[in-house]
Structures are given as C-alpha cells and as structure tokens.
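Only one structure is covered here, and it is reproduced in the block below.
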Amino acid sequence: MATFQTLPGFREFYPEDLARRNHIFRLWRQSAQVFGFAEYDAPILEPLELYKAKSGEEIEAQLFSFVDKGGREVALRPEMTPTICRLVGARANALKRPIKWFSIAEFYRYERMQKGRGRSFNQFNADIFGEPGPEAEIELIALLIQCLCSFGLTEQDFYIRLSDRNLWFYYLEALGLDEARIHGVLGVVDRHEKYGDEAFKAYTEKFGALDAALQGKILAFLQIKSLAGLERTLATIGGDKLGPRLADWRKLLGGLEAMGLARYVEVDLGVVRGLAYYTGFVFEAFDRKGALRALAGGGRYDDLVQKLGGPALPAVGFAIGDMTFALLLEQRGLLPAIGSAPDIYCVIGGERERMAAFADIHLLRTAGYRVEYPLKDSAFGKQFKAAAESQAKLALIYGTDELAKGVVKIRDLTDRTEHEVPSAQLVTVVRDFFST
RNA sequence: GCGGUCAUAGCUCAGUUGGUUAGAGCACAAGAUUGUGAAUCUUGGGGUCGCGGGUUCGAGUCCCGUUGGCCGCCCCA
C-alpha cells in the first residue's frame with residue numbers, strides 16, 4: 001500500500017508520539033529556564049567546513065552532506081557545539097557574562113541504526129561560556145541532574161560519571177610520557193572498560209609495550225572512585241599542575257555536595273570521551289542498570305570558540321539525547337499517558353439546536369475552554385458515549401426542549417448530575433465550574 | 001561497512017506436505033438506538049502476503065536477489 005516509506009533511521013511523530021516528545025521537551029525547557037539559561041536556535045544546514053574544521057575529515061563519513069545549487073558544500077548538523085561556538089564567538093564581546101544558553105533541536109548522523117540511536121534525533125544542549133573555573137561545571141551538572149529528575153528519575157535510576165582529561169594529562173606527564181603517548185594512553189583508557197587489557201594493543205603497536213610498572217599505575221588510576229583516592233594517589237607524585245587541579249576537583253565536588261547532588265555523581269576516570277575538542281572535566285550520565293547507552297554527555301572545551309575563528313573563550317556544555325532518554329522513561333513507567341481531553345463536549349439535537357450551540361461554542365472557546373462537538377448529527381445516545389470517551393468534564397446539552405426554554409442543560413460528566421442554565425449565564429456558570 | 005534474524009490488515013498474530021475466493025482478535029465505521037455513558041449484538045470498510053525474479057499445472061508457503069526492521073560488531077559518544 002505504502003509506496004513510499006520513511007528513510008532509514010528517521011522517525012515520524014503521530015499525535016501520540018508528538019505528545020510524548022512535547023512532554024519531554026516541555027520539562028527540559030522548564031528546567032533550563034529555572035536555571036536561567038536562554039533559549040536559542042540556529043540553522044539545520046551548515047557549511048561542511050564547520051565540522052571539518054573541528055574534528056577532521058573522518059567525521060564526513062557520518063554527515064548528511066551534499067553540494068547545494070550554488071556549489072557550496074553543506075551538511076545537516078550532527079551536533080550543536082560548533083554552531084553555538086560560532087554564534088557566541090561572533091558576539092562574544094557584547095554578551096553579558098556568564099553566557100548561559102540552551103537549545104532543543106534535531107540532529108542528523110548517517111550511522112547504522114541501533115536501539116537508542118537513529119539517523120535523526122533530538123538533543124537538549126546547554127552551555128556556559130566565559131567561565132574558566134569549575135563553577136560552570138557545577139551549574140551544568142546541576143542542570144543535567146534537574147533535567148533528568150524532573151521526570152521522576154532518581155539516583156536509583158541514573159548516575160553521572162565525572163572524569164577529567166586535564167588530570168590524566170598532568171598525571172601522565174608527571175609519569176614521564178610525551179604528548180603523543182599521552183593521547184595514546186587516553187585512547188586505551190577510553191576502550192579499557194569494554195575490552196579490558198586488550199585495549200593496550202593499539203598503544204603497543206604504535207609506541208611499543210608500556211613499562212609494566214607504568215601500566216600498573218595507569219590501571220590503578222583508572223580504579224579510583226573518590227576524591228580522597230585521587231588525593232592519596234597524587235600526593236606521591238607532586239608536580240606543579242596537579243595541586244591546583246585537585247583544588248578544582250574539591251571545588252566542583254564540594255559545590256555539588258552543597259547542592260545536595262553528590263549522590264548522583266561518581267568519580268570515574270574511565271570516561272575520557274572521544275570528541276577531540278574536550279579539554280578538561282568531562283562527564284556522562286548512564287542508567288544504573290547499564291542496559292542503555294549513554295543518556296547524556298558533556299565537558300569543557302576551552303579552545304573551540306577560538307579554533308572556529310572567535311576570541312579565546314572558555315566553555316562547558318552537555319547534551320541529552322531524546323532516544324535513549326525516552327527508552328529509560330518508558331522502562332521506568334515514567335511516560336504518563338498524555339491525554340488531550342476537552343473541557344466541554346456539546347450534545348446537539350438537530351440543525352436548529354446546532355446553530356444555538358455554535359454561538360456558545362464560539363464564546364466558550366474565546367474564553368479559553370477547549371470545546372468539542374460532533375460534526376454531524378447523530379443519536380443522543382451515541383453523543384453521550386462520545387462525550388464520555390472524550391473525557392470531557394462537562395457536557396452541554398442542546399435539545400429541542402432546552403432551545404424552547406432558552407436554557408442549556410449542563411451535565412457534570414464526573415458525577416452525572418445535571419441542571420439547566422439560562423443561555424445568557426452559560427459562560428459565567430462554566431467559569432465557576434472550572435475555577436473551583 | 002560486516003554478521004545473525006525477521007517481514008501476512010492501522011496493531012498483535014494464525015495460515016496444514018505447495019492446492020478453491022488469505023483468516024482471527026483488537027482498533028475503526030455503520031446499524032439496533034433522534035433525550036443520557038466505557039456494555040452487548042449485527043454488519044461493513046480495509047491486503048500487490050515488503051518488493052522483484054525463479055521453480056511449479058499451481059507459491060503467503062520452496063529458491064535467489066533486493067529493500068526495510070530488530071540484535072550484535074565496526075565506528076561513534
């Protein structure tokens with residue numbers, strides 16, 4: 001029957017699907033506004049260069065890209081970060097600090113689809129620009145937690161793993177590794193959770209085998225799960241960068257603790273995140289059961305605004321994807337059936353009665369009530385059934401008798417009581433009903 | 001990009017060793033029912049059996065290809 005089908009990985013939103021999506025967007029938006037973030041939006045289509053400049057050519061494989069009629073190489077946006085960096089960079093000197101912005105938008109990646117991942121998806125993005133210290137991380141991680149908790153999720157359902165690319169860098173530097181080798185080790189760390197010690201293979205092929213003692217230290221570092229553990233390990237190392245960095249950690253975790261959010265956050269240096277532009281703290285949210293892919297991810301990217309042609313401007317941000325998030329809510333039974341019930345359903349006897357009803361329907365709708373009525377004449381019994389099914393609170397009955405008496409019969413569909421009201425007082429009576 | 005698996009009505013599924021005009025439940029619509037509620041009964045609309053080719057007297061069923069879904073890998077986060 002359907003000759004045309006949706007492109008692979010793309011979704012269609014029938015009314016009940018869109019109601020669910022709107023519910024999610026509404027709570028995300030509410031959380032961001034409570035935190036004082038301002039909403040922005042930007043083009044879906046961007047110059048291909050914007051993404052090449054950021055992550056190198058290999059990301060092209062994942063882009064929906066093409067040449068437009070003007071010969072420009074363009075791409076559907078695969079993420080928001082480069083775009084917002086351009087927006088903020090262009091007006092950085094005029095914007096009041098701190099710059100706290102958020103968006104809810106659709107993104108496109110040409111990837112193999114899997115559970116929780118499609119070729120088009122929505123993300124909530126929140127970013128803070130202009131704040132180099134961990135105060136920005138506190139604010140963002142708090143927002144992330146609020147975005148998840150506003151749906152009824154708790155620390156039983158999800159947690160945030162907090163890590164730090166700087167700390168890794170300083171630590172490995174203090175252990176005597178050069179920059180290329182440090183990046184190699186970070187690659188190992190990224191894969192270690194999944195592959196175990198197999199993950200060292202790639203490093204060994206490139207740089208030769210790691211010294212056994214060194215490898216032991218790296219693995220031990222990976223196991224650290226607390227600030228106290230970090231402090232213990234690093235106290236023996238020294239180095240002039242590690243001390244201040246630990247102070248940042250204390251400030252960040254102390255701030256979250258003071259907000260009452262410490263129970264959501266775990267130190268976990270196994271997170272390094274692949275995206276090339278992260279420079280400091282990085283964090284990811286996961287469901288506790290570990291059944292789903294990451295719910296959200298983010299981190300600091302202090303160099304990106306400048307790399308994209310703006311001024312030097314520190315930045316932190318995170319994104320929540322809608323697909324995995326919706327799966328989690330569904331699994332926890334936290335997606336309420338979102339009704340779209342009318343306030344009032346009109347039961348109409350015939351054509352003359354219909355005209356009388358139309359006048360009231362218009363008045364009531366103007367007054368802000370959602371009013372439904374059958375488009376075609378049908379039996380009263382059927383109309384009452386329809387009224388009940390619609391889950392309206394009130395039925396207004398327009399029959400021959402009522403019309404003759406100049407009244408409307410109001411039926412409370414909840415307790416099945418009814419009474420007559422003079423037409424002229426209808427709006428007032430309805431208003432009284434709904435205001436109590 | 002690789003591998004596994006699946007595809008019959010809007011949804012969930014049945015369909016015999018290959019055999020007449022492909023069925024059921026749910027949903028939708030009409031009627032019983034033009035003055036009162038989630039019920040019941042009756043009836044109806046809805047299918048290129050994902051698509052294309054092959055084998056056969058005959059294919060929803062067997063074979064090949066293809067498209068799409070799901071799962072895993074790769075990749076990515």
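Note on naming: letters A, B, ... go to the chains in the order of the sequence lines (proteins, then strands), and numbering restarts at 1 for each one. The structure presented is a predicted model; accordingly, all values stated were derived computationally and were not measured.
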Legend entry - Heavy-atom donor-acceptor pair, A/R109 side chain to A/P78 backbone, under 3.5 Å: yes

Inset, instruction - Mind running salt bridge (charged side-chain N to carboxylate O under 4.0 Å, His left out) on A/R72 and A/D68 for me, showing each step along the way? - result: CA-CA 5 Å; A/R72 286 172 282 262; A/D68 75 6; 2.9 Å; yes

Legend entry - Side chain of A/R411 - closest among B/G37, B/G68, B/C75: B/G37

Inset, instruction - Report the base-pairing partner of B/G1 (Watson-Crick or G-U wobble, both distances below 3.5 angstrom), or none. - result: B/C73

Legend entry - Integer-rounded Å distance: B/A38 C1' and A/L413 CG: 12 Å

Legend entry - Any-strand Watson-Crick or G-U partner of B/G23, both distances under 3.5 Å: B/C13

Legend entry - Distance-only donor-acceptor test (3.5 Å): side chain A/E402, base B/G35: yes

Inset, instruction - Classify the nucleic acid contact of A/G298 as base, sugar-phosphate or nothing, counting any heavy atom under 4.0 Å across all strands shown. - result: nothing

Legend entry - A/A379 side chain, from C-beta outward: closest of B/G72, B/U33, B/C70: B/U33

Inset, instruction - Would you classify A/G297 as touching base, sugar-phosphate or nothing, given that sugar-phosphate means primed atoms plus P, OP1 and OP2, and contacts are heavy atoms under 4.0 Å? - result: nothing

Legend entry - Proximal nucleotide (of B/C75, B/G72, B/U36) relative to the A/R112 side chain: B/G72

Inset, instruction - Check A/P47 against A/R86 and note the closest heavy-atom contact, atom names and distance. - result: CD-NH1, 4.4 Å

Legend entry - Nearest-Å distance once atom P is located in both B/G15 and B/C74: 38 Å

Inset, instruction - Indicate whether OP1 or OP2 belonging to B/G31 is found under 4.0 Å from a side-chain N or O atom of A/K382. - result: yes

Legend entry - Residue A/K385, side-chain heavy atoms: nucleotide from B/G3, B/A38, B/U33 that is nearest: B/A38

Inset, instruction - Over all heavy atoms of both residues, which pair between A/D343 and A/A392 is shortest? Give the atoms and the distance, please. - result: O-CB, 3.8 Å

Legend entry - Aromatic ring of A/F380 stacked on base six-ring of B/G35, 5.5 Å, 30°: yes

Legend entry - Counter-base of B/U61, judged by Watson-Crick or G-U geometry with both distances under 3.5 Å: none

Inset, instruction - When you get a sec, tell me which of B/A77, B/G1, B/C74 is the closest nucleotide to the side chain of A/A294? - result: B/A77

Inset, instruction - Could you please name the partner base of B/G37, counting Watson-Crick and G-U wobble pairs only when both distances are under 3.5 Å? - result: none

Inset, instruction - Could you tell me whether A/K115 contacts a base, only the sugar-phosphate backbone, or nothing, with contacts defined as non-hydrogen atoms closer than 4.0 Å? - result: sugar-phosphate

Inset, instruction - Please report, rounded to the nearest Å, how far the P atom of B/A77 is from the CG atom of A/L186. - result: 13 Å

Inset, instruction - May I ask you to say what A/D401 touches in the nucleic acid, namely base, sugar-phosphate or nothing, with a heavy-atom cut-off under 4.0 Å? - result: base

Legend entry - Atom P, compared across B/G54 and B/C73: separation rounded to whole Å: 40 Å

Legend entry - Out of B/A77, B/C70, B/U36, whichever nucleotide has its closest atom nearest the side chain of A/E284: B/A77

Legend entry - Value in whole Å for how far the C1' atom of B/U36 lies from CG of A/D415: 14 Å

Inset, instruction - Measure from the side-chain heavy atoms of A/T400 and tell me the nearest of B/G37, B/C75, B/G35. - result: B/G35

Legend entry - Separation of atom OH in A/Y51 from atom C1' in B/C76, rounded to whole Å: 16 Å

Legend entry - Nearest-Å distance once atom P is located in both B/G60 and B/G18: 13 Å

Legend entry - Aromatic plane relationship, A/Y264 with A/F158 - under 30° parallel, 30 to 60° tilted, over 60° perpendicular: parallel

Inset, instruction - Measure the distance from CG on A/D17 to C1' on B/C11 and round it to the nearest whole Å. - result: 13 Å

Inset, instruction - Describe the nucleic acid contact of A/Q383 in one word from base, sugar-phosphate, nothing, applying a heavy-atom distance below 4.0 Å. - result: nothing

Legend entry - Pairwise P distance for B/G46 and B/G23, with rounding to whole Å: 14 Å

Inset, instruction - Look through every strand shown and name the nucleotide pairing with B/A7 as Watson-Crick or G-U wobble, where both distances are under 3.5 Å. - result: B/U67

Inset, instruction - To the nearest Å, give me how far apart CE (A/M80) and C1' (B/A77) are. - result: 18 Å

Legend entry - A/V316 vs A/Y301 side-chain heavy atoms within contact, under 4.5 Å: no

Legend entry - Nucleotide B/G37, atom P - distance to CD of A/E418 in whole Å: 10 Å

Inset, instruction - Find which nucleotide of RNA chain B each of A/S378 and A/R109 is nearest to by heavy atoms, and output the residue with the more 5' nucleotide. - result: A/S378

Legend entry - Pairing of A/R245 and A/D248 as salt bridge, 4.0 angstrom limit: yes

Inset, instruction - Could you check which nucleotide pairs with B/U42 in any of the strands shown, counting Watson-Crick or G-U wobble with both distances under 3.5 Å? - result: B/A30

Legend entry - d(CD, A/Q62; P, B/G1) in whole Å: 13 Å

Legend entry - P-based separation of B/C62 from B/A24 [nearest Å]: 24 Å

Inset, instruction - Using distance alone, with no hydrogens and no angle criterion, decide if A/E372 and A/S390 have a side-chain donor and acceptor under 3.5 Å apart. - result: no

Inset, instruction - Kindly point out which of B/A77, B/G69, B/U36 is positioned nearest to the side chain of A/P8? - result: B/G69

